[in-house]
Amino acid sequence: DTAVSQTPKYLVTQMGNDKSIKCEQNLGHDTMYWYKQDSKKFLKIMFSYNNKELIINETVPNRFSPKSPDKAHLNLHINSLELGDSAVYFCASSQLAGGITDTQYFGPGTRLTVL
Amino acid sequence: AQSVAQPEDQVNVAEGNPLTVKCTYSVSGNPYLFWYVQYPNRGLQFLLKYITGDNLVKGSYGFEAEFNKSQTSFHLKKPSALVSDSALYFCAVREPGGGNKLTFGTGTQLKVEL
């Protein structure tokens, strides 16, 4: 009955590889997000999609490409992985973009380690 | 630009004592404020939020937070701490007209000891 789920939970890969992280929500929400948490636990938004349309893109390198096949899924594809991409990536969802009572619900995270 | 500050990297408290985790904010309009908790190797869990109305907001697991506009603060409180409350706590702010972008503080590690 997980509300926001991510796969895989752990991802270890070599520099230069391309990898994807998948996210799914079963809350019926219209908006989904990707956040990055670095080694110092600092959380920063990367992207937001509302009903499959990109609405937030926070100066993320274009090696990162989100894809939303439908409003329940938001995947993150990363090309040419670099050491600095090592982090925990969190997916989140909320009912409405910009709704003042909107609450974001987070997935369990994907720990990406680039060697 | 919206921002939040959590001045304490770590807070230590004895079980049964009251706890406070501090947060101050900076926004250009009325703030929408949130507290989240992160247990080890877990995602963030929503605790409570302030949108408007009563300055004392009650949330999950016995937590509450007090919104103070004059001090631009939104401190998280609990009357009696439990060892199981030990976790990383994040304050976050959303600015009106800023879409749904949440800006997080740097987090405060709460350690509750017997």
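We name chains A, B, ... by the order of the sequence lines, and we start the count at 1 in each one.
In the displayed structure, A/Lys71 atom NZ is contacted under 6.0 Å by more than 12 heavy atoms of other residues, nucleotides or ligands. At most 12 non-hydrogen atoms from other residues, nucleotides or ligands lie less than 6.0 angstrom from CZ of B/Arg42.
Looking at B/Gln45, there are no atoms closer than 4.5 Å to chain A (heavy atoms on both sides), in backbone or side chain.
Side-chain atoms of B/Tyr36 and A/Gln104, non-hydrogen and from C-beta on, do get closer than 4.5 Å to each other. Residues A/Tyr35 and B/Leu102 form a side-chain contact, since some pair of their non-hydrogen atoms from C-beta on lies under 4.5 Å apart.
What you find for B/Phe104 and A/Phe42 is that their closest heavy atoms are O-CE1, 4.0 Å. In terms of heavy-atom proximity, A/Ile45 sits nearest to B/Lys101 at CG2-CG, 4.1 Å. What you find for B/Gln38 and A/Phe90 is that their closest heavy atoms are NE2-CZ, 3.3 Å.
In this structure, a donor-acceptor pair under 3.5 Å is present between the side chains of A/Thr103 and B/Lys49.
Both B/Val37 and B/Trp35 sit in one connected hydrophobic cluster of ILVMFWY residues. Membership requires side-chain heavy atoms under 4.5 Å apart, directly or through other members. By the rule that hydrophobic residues join a cluster once side-chain heavy atoms approach within less than 4.5 Å of another member, A/Val88 and A/Leu74 end up as members of separate clusters. Two different hydrophobic clusters hold A/Met46 and A/Phe106 under the rule that ILVMFWY side chains link at heavy-atom gaps under 4.5 Å. By the criterion of side-chain heavy atoms lying less than 4.5 angstrom apart, applied directly or through intervening Ile, Leu, Val, Met, Phe, Trp or Tyr residues, A/Tyr105 is not grouped with A/Leu76; the two fall into different hydrophobic clusters. Under a hydrophobic clustering in which Ile, Leu, Val, Met, Phe, Trp and Tyr are joined whenever their side-chain heavy atoms come within less than 4.5 Å, directly or via other members, A/Leu43 and A/Tyr89 fall into different clusters.
Interface residues of residues 74-89 of chain B toward chain A, defined by a heavy-atom distance below 4.5 Å and sorted by number: B/Leu88.
Contact tally against chain B (heavy-atom pairs below 4.5 Å) for A/Lys40, A/Gln37, A/Arg111: the top residue is A/Gln37.
The distance from atom OG1 of B/Thr103 to atom CD of A/Glu58, rounded to the nearest 0.5 Å, is 7.5 Å.
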